[in-house]
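In what follows, chains are A, B, ... by sequence order, proteins preceding strands, each numbered from 1.
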2 protein chains.
Amino acid sequence: MNLTVSEENYIKAIFHLQQAEGNVSTNQLAASLHTKPASVTDMLKKLTHKSLLEYEPYQGVRLGKEGKKQALSIVRKHRLWEFFLVDKLQFGWDEVHDVAEELEHISSKKLVDKLDAYLGFPKFDPHGDPIPDSNGIMATIRQFNLIDVKPKVVVEVCSVGSQSAELLELLRHKNIGIGTELQIIRKFEFDHSVEISVKNKPTITISQQLAQALFVKLV
Amino acid sequence: MNLTVSEENYIKAIFHLQQAEGNVSTNQLAASLHTKPASVTDMLKKLTHKSLLEYEPYQGVRLGKEGKKQALSIVRKHRLWEFFLVDKLQFGWDEVHDVAEELEHISSKKLVDKLDAYLGFPKFDPHGDPIPDSNGIMATIRQFNLIDVKPKVVVEVCSVGSQSAELLELLRHKNIGIGTELQIIRKFEFDHSVEISVKNKPTITISQQLAQALFVKLV
DNA sequence: AATTATTTTTAGGTAAATCTAAATAATTTA
DNA sequence: TAAATTATTTAGATTTACCTAAAAATAATT
């Protein structure tokens, strides 16, 4: 099933809007895609014809089985590229979205799977959203990037960004591992470093790079 | 100047066909782009209107100043992505072209420059073609990837693929450096390893990975 | 040089993805 | 529930990048 960039963007938008409730409305889609309702209706008909959607005129739309599969593939690519941009190319976590919007449409499955392996099969992207694996399965508990957590909050480390030797060494040195509880003390604007307290011991400071590699959940 | 994917493909095709002689013909372009001459004429008019080409009806076409700049930018992206795929994602040098054809159209300049830095500012892609730098300047002497050189040929090492510590250590161990002369003895199909003789000493065997990291010129 | 062959352009048409304006269905409100 | 409002669809155009077929320009050949 080969989709155009435009078709992929519709599938992705429906996927994101569908999350909580059932059907997605034409107007919601038009707003989300910065297009007009009439254009949406056209595309819904086309994608329904391709068996990607379940759509009844005037009743909104939801993804069909094949549509879900396609959506997960696009989301997987988007989030893997975001991870790559932050972890390898030193982009800030807040400047990767637009580039990933372009990269997610590169079609090679082999590329995506090799990228995934190269990155160490990360489970969460730099915004804390789960990355579907090559079978479309992803974690359900939402995690946060440590750098996004507000001061005073207590969190528990769930996973780390990559399995690189350098990162693991640094974590051991700082006594941080999966399951470690820590409290955010304060954040410094200048270099985005974060002051934390691990297991109620004296505070330490960790760099922006390290904070971005830690995924946590609220406790 | 924002170009569509199709426009970029025309600019790139003209760039490659233009290399030796002066003007590129409509038929040449049609063949190269797998399209029809009539379509080419349409696009040539459009790109001329955008001041990218110098085009006289029936006289063929060549890139203008702005067209050259755009072409170099596309070629730069294509070759950097090829380098990335081979050097980081472990693609074979012969399976990267199609994926790079897609990646070269990603527009972010910041992405390309960061990728360049991440790769260690390589001067040649995995096929030995020079990679333009961010100002569009590239090496003029054509180099070959060692893995492409036929048995019996004597070559001189010109540059290495990356500056990684692991690669440099391996090269020191094998007594290979910039300027080293070596002869290709034979190549093994099974694992693509290459038997070579360094400075007329007894032969040694180098892996596919190492051979792909070495760029050489004929002596 | 005149004819033939080739190349290139023009003219008119198609499919994808968009648009505006008008018509129709669904929902809300008085 | 009937009218008013909102949401959605239909109808008809537009733009981009293609196409085919025919006309025009250039090049090759006798």
Starting at CE of B:Met43 and ending at P of D:dC19, how long is that distance when rounded to a whole Å?
11 Å
For atom CD of B:Gln59 and atom P of D:dA24, their distance in whole Å:
19 Å
Between C1' of D:dC18 and CD of B:Glu7, the distance in whole Å
14 Å
According to the side chain to side chain donor-acceptor pair (under 3.5 Å) rule, which pairs have a member within residues 81-91 of chain A, sequence neighbours left out?
A:His78-A:Glu82, A:Glu82-A:His127
Dot-bracket line, read 5' to 3' along DNA chain D, where crossing pairs take [ ] and | marks a partner on another strand, Watson-Crick or G-U under 3.5 Å
||||||||||||||||||||||||||||||
In whole angstroms, how far is the P atom of C:dT9 from the NZ atom of B:Lys45?
8 Å
Is the B:Tyr118 ring parallel, tilted or perpendicular to the B:Phe84 ring (thresholds 30°, 60°)?
tilted
Qualifying residue, where the test is side chain to side chain contact (heavy atoms under 4.5 Å, CB included) with A:Ile14 and the options are A:Asn9, A:Val24, A:Leu33:
A:Val24
In whole Å, what is the span from the OH atom of B:Tyr58 to the P atom of C:dT8?
10 Å
Test A:Phe124 against A:Ile131 for side chain to side chain contact (heavy atoms under 4.5 Å, CB included), laying out the working first.
CA-CA 5 Å; A:Phe124 298 91; A:Ile131 301 175; 5.6 Å; no
When you measure from the centre of the six-membered ring of B:Phe91, is the NZ or CZ of A:Lys114 under 6.0 Å away and within 45° of the axis?
yes
Which ones in residues 27-40 of chain B lie close to DNA chain D, meaning a heavy atom under 4.0 Å from one of its atoms?
B:Thr35, B:Lys36, B:Ala38, B:Ser39
Within this structure, what is the CD-to-P distance between A:Glu8 and C:dA16, rounded to whole angstrom?
16 Å
With a 4.0 Å cut-off on heavy atoms, is A:Thr41 in touch with a base, just the backbone sugar-phosphate, or nothing at all?
base
Rounding to a whole Å, what distance do you find between A:Asp42:CG and C:dT20:P?
13 Å
